[in-house]
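Structure, as structure tokens:
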Amino acid sequence: MLLKTFGWSFAVTAGGLALAGVLWGWKGLAIVGILSILEISLSFDNAVINAGILRKMNAFWQKIFLTVGVLIAVFGMRLVFPVVIVAITAKMGPLEAVKLAINDKDRYEHLVTAAHPAIAAFGGVFLLMIFLDFLFEDRDIRWLGWLEKPLAKLGKLETLSIIVALLALLVTAMTLATDVAHGGGDKSATVLLAGVAGLLTYLIVGGISGYFEDRLEEEEEEAEEAEEAEKAAKEASGAQKGGQGATVVGLAGKAAFFLFLYLEVIDASFSFDGVIGAFAITNDIFEMALGLGIGAMYIRSLTVFLVRKGTLDDYVYLEHGAHYAIGALAVILLITIKYEINEVITGLVGIVLIGASYWSSVVRNRRLAAEGGEDAKSKTEVASGV
């Protein structure tokens, strides 16, 4: 299963490193390898979040995520997106931006990093909304109960996450968007506009996907009730079942499509820090796209692996840790509007939080297993009259 899931990632890694060695020599090969590791370390929490969403999709949409989604992630976000940003901010045509990226790499790097405040505000607010909606949701399983329980009560106010996100954006624009590290000058208006755009994107894409997901669940419940009634009455009809199946598949397609869009926006938000951070290693767009693209392949393969292994069901706190890592990344993105933060710190924060949630899950599983063993032992003793 490991080879089946990660086979394409291994193949892309081998081909990508070989291509890097041929085109740019040992130095280029090393740069591509480092960028791949950087992307994986920064986006590991992305895989856990993606897995929580992807497991709701059928096998077809999981394949779409691994094929079309990879093309969007590798060529769209890691190659095309920086060029588009340069074209917009510098008010030049796409072809001019591509020529600039190839012929004047220093100028290209300057323009991309100058756009960082807007990119960070958009991605930061989008990721912050994911974290806040998770934090304010009431759930049966809690990792940090002392924190999550009272916040779940506050979360009964449906607009609380929006209010908190807008307050965070306002504070960021007033305190961090003046004399920023990337380009200097007052970028408060730009930060506010980009942050609101990130909020609206989350509400629109997340809202539509949630709507179709709810519709799908309702149709599945109705189909199950109808099937049970047919079995009880012993009047099963193949034609009727086919009609019901078509309805559910149709709704699943719509729900999965918008969940797929939601996944791609999440991936885009996660990739912002990786793309910007990659300039600390190279300003060659092709080295950058190849290295970050290899890392993106592993993140997608890891996502599917977590789904197929049922890891999130076995280690129930992993999603909690990933969401806390998202919250930390959102805050870091907003802070980087003014202050430089090393990518190593960003990656370590996510790894530590997910590692802690994994270990907490292991401890919980051991405790439940021990309690189950004690219960079984006591029942045996009672039955034997001990």
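These values consider heavy atoms only, across backbone and side chains, with no hydrogens, waters or symmetry-generated copies. When a residue number appears, it is its place in the shown sequence, counting from 1.
- When side chains are defined from C-beta on, Val68 counts as touching Phe260, because their heavy atoms get closer than 4.5 Å.
- Using a 3.5 Å distance cut-off with no hydrogens or angles, the side chains of Tyr315 and Ser360 do not pair a donor with an acceptor.
- For the pair Val83 and Val98, the tightest heavy-atom approach, listed with the atom from each and the gap, is CG1-CG2, 3.8 Å.
- Between the CG atom in Leu127 and the CG atom in Leu132 there is a gap of 11.0 Å [rounded to 0.5 Å].
- Ile335 contributes atom CD1, which lies 5.0 Å from atom CD1 of Ile341 (distance to the nearest 0.5 angstrom).
- To the nearest 0.5 Å, atom CG of residue Leu128 and atom CG of residue Leu199 are 9.5 Å apart.
- In terms of modelled atom types and a separation under 3.5 Å, the side chain of Ser357 and the main chain of Ile354 share a donor-acceptor contact.
- Ile204 and Leu166 end up in the same hydrophobic cluster when Ile, Leu, Val, Met, Phe, Trp and Tyr side chains are linked at under 4.5 Å.
- Considering only heavy atoms from C-beta on, Trp24 comes within 4.5 Å of Val32 through its side chain.
- Listed by chain and number, the residues in a side-chain hydrogen bond (donor to acceptor under 3.5 Å, both in side chains) with Tyr317 amount to none (sequence neighbours excluded).
- A donor-acceptor contact shorter than 3.5 Å links the side chain of Asn103 to the backbone of Lys99.
- Across Thr172 and Ile337, no two heavy atoms sit closer than the pair CG2-CD1, 3.6 Å.
- Hydrophobic clustering (ILVMFWY, side-chain heavy atoms < 4.5 Å, transitive): Ile351 and Tyr358 are in distinct clusters.
- Considering all non-hydrogen atoms of both residues, Gly350 and Ala325 come closest at CA-CB, 3.8 Å.
- Screening Arg364, Glu148, Glu319 against Ile141 for a side-chain contact (heavy atoms from CB on, under 4.5 Å) leaves a single residue, Arg364.
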**OP:** Any chance you could lay out the side chain to side chain contact (heavy atoms under 4.5 Å, CB included) test for Tyr298 and Phe10, step after step, and finish with the verdict?
**Re:** CA-CA 8 Å; Tyr298 279 97; Phe10 295 151; 3.4 Å; yes

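- Within a 6.0 Å sphere centred on CE of Met92, other residues, nucleotides and ligands contribute more than 12 heavy atoms.
- If you chain together hydrophobic residues whose side chains sit under 4.5 Å apart, Leu302 and Val352 never meet in one group.
- Although no hydrogens or angles enter the test, the distance criterion places a donor-acceptor pair under 3.5 Å between the side chain of Arg139 and the main chain of Glu137.
- For the ring-ring contact (aromatic ring centres under 6.0 Å, His included) test, residues two or more places apart in sequence or in another chain that qualify with Phe134 are His320, His323.
- Within the 4.5 Å cutoff, the side chain of Ser161 has heavy atoms near those of the Met129 side chain.
- Between Thr159 and Leu157 the shortest side-chain heavy-atom distance falls below 4.5 Å.
- The CG atom of Leu318 lies 10.0 Å from the CD1 atom of Ile49; values are rounded to the nearest 0.5 Å.
- Under the 3.5 Å distance criterion, the side-chain polar atoms of Ser36 are matched with a main-chain donor or acceptor of Gly291.
- In terms of hydrophobic clustering, with Ile, Leu, Val, Met, Phe, Trp and Tyr side chains grouped at heavy-atom distances under 4.5 Å, Leu135 and Leu154 are assigned to a common cluster.
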Subject >> Ile102 and Phe286: CA distance, side-chain angles, deciding distance, side chain to side chain contact (heavy atoms under 4.5 Å, CB included) verdict >> reply: CA-CA 9 Å; Ile102 296 173; Phe286 299 111; 3.9 Å; yes

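- Residues Leu353 and Ile345 are members of one and the same hydrophobic cluster, defined by side-chain heavy-atom contacts under 4.5 angstrom among Ile, Leu, Val, Met, Phe, Trp and Tyr.
- Listed by chain and number, the residues in a side chain to side chain contact (heavy atoms under 4.5 Å, CB included) with Leu167 are Ile163 (sequence neighbours excluded).
- Within the 4.5 Å cutoff, the side chain of Leu111 has heavy atoms near those of the Leu100 side chain.
- Within the 4.5 Å cutoff, the side chain of Val265 has no heavy atoms near those of the Leu261 side chain.
- Separating the CG atom in Leu312 from the OG atom in Ser361 is a distance of 9.5 Å, to the nearest 0.5 Å.
- The shortest distance between side-chain heavy atoms of Thr113 and Tyr108 does not fall below 4.5 Å.
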**OP:** For the pair Thr201 and Phe122, evaluate side chain to side chain contact (heavy atoms under 4.5 Å, CB included) and give the outcome as yes or no after the intermediate values.
**Re:** CA-CA 9 Å; Thr201 302; Phe122 180 95; 3.6 Å; yes

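- Partners of Asp284 by side-chain hydrogen bond (donor to acceptor under 3.5 Å, both in side chains), not counting sequence neighbours, listed by chain and number: Lys105.
- Counted by atom type alone, Asp133 and Tyr202 present one or more donor-acceptor pairs between their side chains at under 3.5 Å.
- The salt bridge (charged side-chain N to carboxylate O under 4.0 Å, His left out) contacts involving residues 294-306 comprise Glu264-Arg300, Asp267-Arg300, where partners must be two or more places apart or lie in separate chains.
- At least one side-chain heavy atom of Ile162 sits less than 4.5 Å from a side-chain heavy atom of Leu203.
- Classification of the Tyr324-Trp143 ring pair by plane angle, with boundaries at 30° and 60°, yields perpendicular.
- Here the straight-line distance linking atom CZ of Arg55 with atom CG of Asn50 works out to 12.5 Å at 0.5 Å rounding.
- Taking all atoms of both residues into account, the shortest heavy-atom contact from Val12 to Ile294 is CG1-CG1, 4.1 Å.
- Closest approach of Leu169 to Val125, counting heavy atoms only: CD1-CG2, 4.0 Å.
- Applying the side-chain hydrogen bond (donor to acceptor under 3.5 Å, both in side chains) rule to Asp138 yields the partners Arg142; only residues at least two apart in sequence or on another chain are considered.
- Heavy atoms only, all atoms of each residue included: Ala121 and Val191 are closest at CB-O, 3.5 Å.
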